Protein chains: 2
Amino acid sequence: MNKTTKITIIADDRERQSQVIGFLSDMPDISVQISRLATGDYLADNRLIFERKTLNDFAISIIDGRLFKQISRLANSRYKPVLILEGTGRDLSENGIRREAMQGALISISLIYGIPVLRAMNPHESARLINYATLQIRAIAGGGLSNRGGYHPKTKSKRQLFILQGLPGIGPKKAKNLLDRFGSVEKIISASIEELQLIDGIGKNIAEKIKWAVHEEKAAYGFNDDFDI
Amino acid sequence: MNKTTKITIIADDRERQSQVIGFLSDMPDISVQISRLATGDYLADNRLIFERKTLNDFAISIIDGRLFKQISRLANSRYKPVLILEGTGRDLSENGIRREAMQGALISISLIYGIPVLRAMNPHESARLINYATLQIRAIAGGGLSNRGGYHPKTKSKRQLFILQGLPGIGPKKAKNLLDRFGSVEKIISASIEELQLIDGIGKNIAEKIKWAVHEEKAAYGFNDDFDI
DNA sequence: TGTTTTCGATCTTGA
DNA sequence: TCAAGATCGAAAACA
């Protein structure tokens, strides 16, 4: 599956002038696209959403109150959010915000909202963090999007059995029986109700449900309650 | 955990020589006790467990492999864990660990294990972070979703469900079924094995485990490595 | 009805 | 924190 697929990163177009994009593009296994994101600045692997803020931006957004709106949106995103704080202590000597205020905000973000906070010294390091974090998440959570748990068995026959178990009324036993008799997922899908009933343990009831599930109906799609950004 | 405004902090005795304890004791609304903790360095309000590490300790424990054992124990603690990293960049110029290795570890800790990481410049700031964090958590306690871990729901029925989920084999669904049928925690606790089995999803096995758990036996409690006082 | 299988819920573990 | 796998009990489905 995704063993050595490139990491796809979508960068928000408002980050276009940031150096981070340049550094990301220079990395060998990353492909960067630019587009408008509803929330966050970088969407990696369709899984992690990074919000990058310089220390100054951070301080300012505390003052003007923008911060917690953004954080709250991040926290409710369907992607796993990460905040990258960029800059060193020196960078915020100018604006008058107190260190305590920043720390208070950081406590809220990481403890209350549960959003991980990473620190970078400069745009180059931000890019590196995005890269590492994505790789680590990938290493754990297998390949691509999580359709059914995100996990897919690797051998073909396991995979076939796995697919079949998604059918209504079919568990490991009947999946095996089906596969033994029909030989392939494709043949099973296109089998008639009568043919299906030849299998041990499959009666009219289950056979009908399978055909029902497999026979695509337009109306079934169109709305799903998985909310978008 | 009532209206007592004082925060109670239990400090691990191995932190005894650390300045943090002194700073905590100097804070007006904090009372510090010293004792041996199974995990972590500071237990605040019976709710948050802080692991404090200087940057050097952190670097060293990456190298010698201790780090992830500790982190894993922290993550499985019944309290909400927080890692405090103490020190400035200068402090780790000496040991040869590479910045990338530290960042990789931080990514794992905060992203994978979900443990918030806070930064302090010195022991005084560590103490302040412990204080602030505890106050903030207190302010919202009961609001957020939570696994059992010191956040106690406020309404009676929530609290009852919460208690029931501590029983073996009982999760949210069965907790609700039990409460619907018996009406009170007390009745459930004193119900017979046969009565318990009347509930959907509870068979002989779980019923027996519940009675076993509820029927106190002196011998069962020799040592509890989760929490010592 | 009895037997087998699926399925939902919980727990455990590991990263 | 989070996801995968194992386990147990209930209930569906078949015969």
Side-chain angles (χ1 to χ4, degrees), chain A residues 47-48 75 79-82 110-117 133 135-143 145-154 158 161-162 164-178 196-210, chain B residues 49 65 67-83 104-117 144-149 161 164-178 193 196-210 213:
Chain A
R47 194 177 281 171
L48 290 175
Y79 308 108
K80 175 138 187 75
V82 181
S110 57
L111 233 107
I112 316 275
Y113 287 91
I115 297 179
V117 179
L135 287 175
Q136 283 207 28
I137 285 280
R138 226 190 225 193
I140 285 176
L145 295 166
S146 50
N147 344 353
R148 194 141 105 243
Y151 162 79
H152 298 286
K154 36 183 186 280
K158 296 264 177 166
L161 291 173
F162 177 76
L164 293 174
Q165 288 170 44
L167 298 173
I170 304 300
K173 295 286 159 64
K174 287 176 191 156
K176 181 166 188 314
N177 291 344
L178 278 166
L196 290 173
Q197 289 184 62
L198 297 177
I199 304 302
D200 259 17
I202 296 189
K204 190 158 171 281
N205 205 319
I206 290 186
E208 279 172 353
K209 277 191 194 152
I210 291 178
Chain B
I49 183 78
L67 181 67
F68 281 92
K69 279 197 193 66
Q70 287 186 314
I71 289 303
S72 178
R73 284 177 33 140
L74 266 188
N76 295 335
S77 156
R78 68 156 134 164
Y79 309 107
K80 173 122 185 100
V82 182
L83 173 63
L106 284 176
I107 289 172
S108 290
I109 293 169
S110 57
L111 229 105
I112 314 279
Y113 289 89
I115 297 178
V117 178
L145 303 166
S146 63
N147 34 15
R148 17 182 51 241
L161 291 173
L164 293 175
Q165 290 173 42
L167 297 174
I170 304 301
K173 297 281 156 63
K174 287 176 192 157
K176 181 163 187 315
N177 290 345
L178 278 166
I193 292 189
L196 290 173
Q197 290 184 59
L198 297 177
I199 303 303
D200 263 14
I202 297 190
K204 189 158 169 280
N205 208 317
I206 290 186
E208 279 171 354
K209 276 193 196 147
I210 291 178

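Lettering of chains follows the sequences in order, A, B, ..., and the numbering in each one begins at 1. For clarity, every value in this text was computed on a predicted model and none was experimentally measured.
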Rounded to the nearest Å, what distance is computed from the [atom1] atom of residue [X] to the [atom2] atom of nucleotide [N]?
X: A:Gln165; N: D:dG5; atom1: CD; atom2: C1'; value: 13 Å
X: B:Ile107; N: C:dA15; atom1: CD1; atom2: P; value: 18 Å
X: A:Leu48; N: D:dA3; atom1: CG; atom2: P; value: 12 Å
X: A:Ile140; N: D:dA3; atom1: CD1; atom2: C1'; value: 9 Å
X: A:Leu161; N: C:dT6; atom1: CG; atom2: P; value: 11 Å
X: B:Asn76; N: D:dA3; atom1: CG; atom2: C1'; value: 13 Å
X: A:Leu111; N: D:dT1; atom1: CG; atom2: C1'; value: 13 Å
X: A:Lys173; N: C:dT3; atom1: NZ; atom2: P; value: 16 Å

Got [X] and [Y] here, is their nearest side-chain heavy-atom distance under 4.5 Å?
X: B:Ile112; Y: A:Ile137; answer: yes
X: B:Leu111; Y: A:Leu48; answer: yes
X: A:Ile202; Y: A:Leu178; answer: yes

Work out how much the helix from C:dT1-D:dA15 to C:dA15-D:dT1 bends between its end axes, five pairs an end, to the nearest 10 degrees.
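That helix has its two terminal axes inclined by roughly 10°.
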Which listed nucleotide ([options]) is nearest to the side chain of [X]?
X: A:Lys80; options: C:dA15, D:dC2, C:dT10; answer: D:dC2
X: B:Pro172; options: C:dT6, D:dT1, C:dT10; answer: C:dT10
X: B:Ile112; options: C:dT6, C:dT10, C:dA15; answer: C:dA15

Scan [X] against the nucleic acid and name what it touches under 4.0 Å (heavy atoms): base, sugar-phosphate only, or nothing.
X: B:Ile170; answer: sugar-phosphate
X: B:Pro116; answer: nothing
X: B:Ile71; answer: nothing

Intermediate values then yes/no, side-chain contact (heavy atoms from CB on, under 4.5 Å), B:Ile193 and B:Glu208
CA-CA 6 Å; B:Ile193 292 189; B:Glu208 279 171 354; 3.6 Å; yes
Apply side-chain contact (heavy atoms from CB on, under 4.5 Å) to B:Gln197 and B:Lys204, showing your working.
CA-CA 6 Å; B:Gln197 290 184 59; B:Lys204 189 158 169 280; 3.8 Å; yes
Could you tell me whether the side chain of A:Gln136 and the main chain of B:Gly104 form a donor-acceptor pair under 3.5 Å?
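Present.
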Taking all non-hydrogen atoms of both residues, which atom of B:Ser110 and which atom of B:Val117 are closest, and how far apart?
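Closest pair (atom of B:Ser110, atom of B:Val117, distance): CB-CG2, 4.1 Å.
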Can you confirm whether A:Lys80 is buried at NZ, in the sense that more than 12 heavy atoms of other residues, nucleotides or ligands lie under 6.0 Å from that atom?
yes
Contact nearer the 5' end of DNA chain C, comparing B:Ala75 with B:Leu167:
B:Leu167
Using side-chain contact (heavy atoms from CB on, under 4.5 Å), reason through B:Ile109 and B:Leu83 one step at a time and then give a plain yes or no.
CA-CA 9 Å; B:Ile109 293 169; B:Leu83 173 63; 4.0 Å; yes
What's the verdict on side-chain contact (heavy atoms from CB on, under 4.5 Å) for A:Ile206 and A:Lys174, showing C-alpha distance, side-chain angles and the deciding distance?
CA-CA 11 Å; A:Ile206 290 186; A:Lys174 287 176 191 156; 3.7 Å; yes
Protein-nucleotides 12-15 of chain D N/O pairs under 3.5 Å:
unit_1: D:dA13; atom_1: OP1; unit_2: A:Lys209; atom_2: NZ; d: 2.7
unit_1: D:dC14; atom_1: OP1; unit_2: A:Gly203; atom_2: N; d: 3.0
unit_1: D:dC14; atom_1: OP1; unit_2: A:Ile206; atom_2: N; d: 3.2

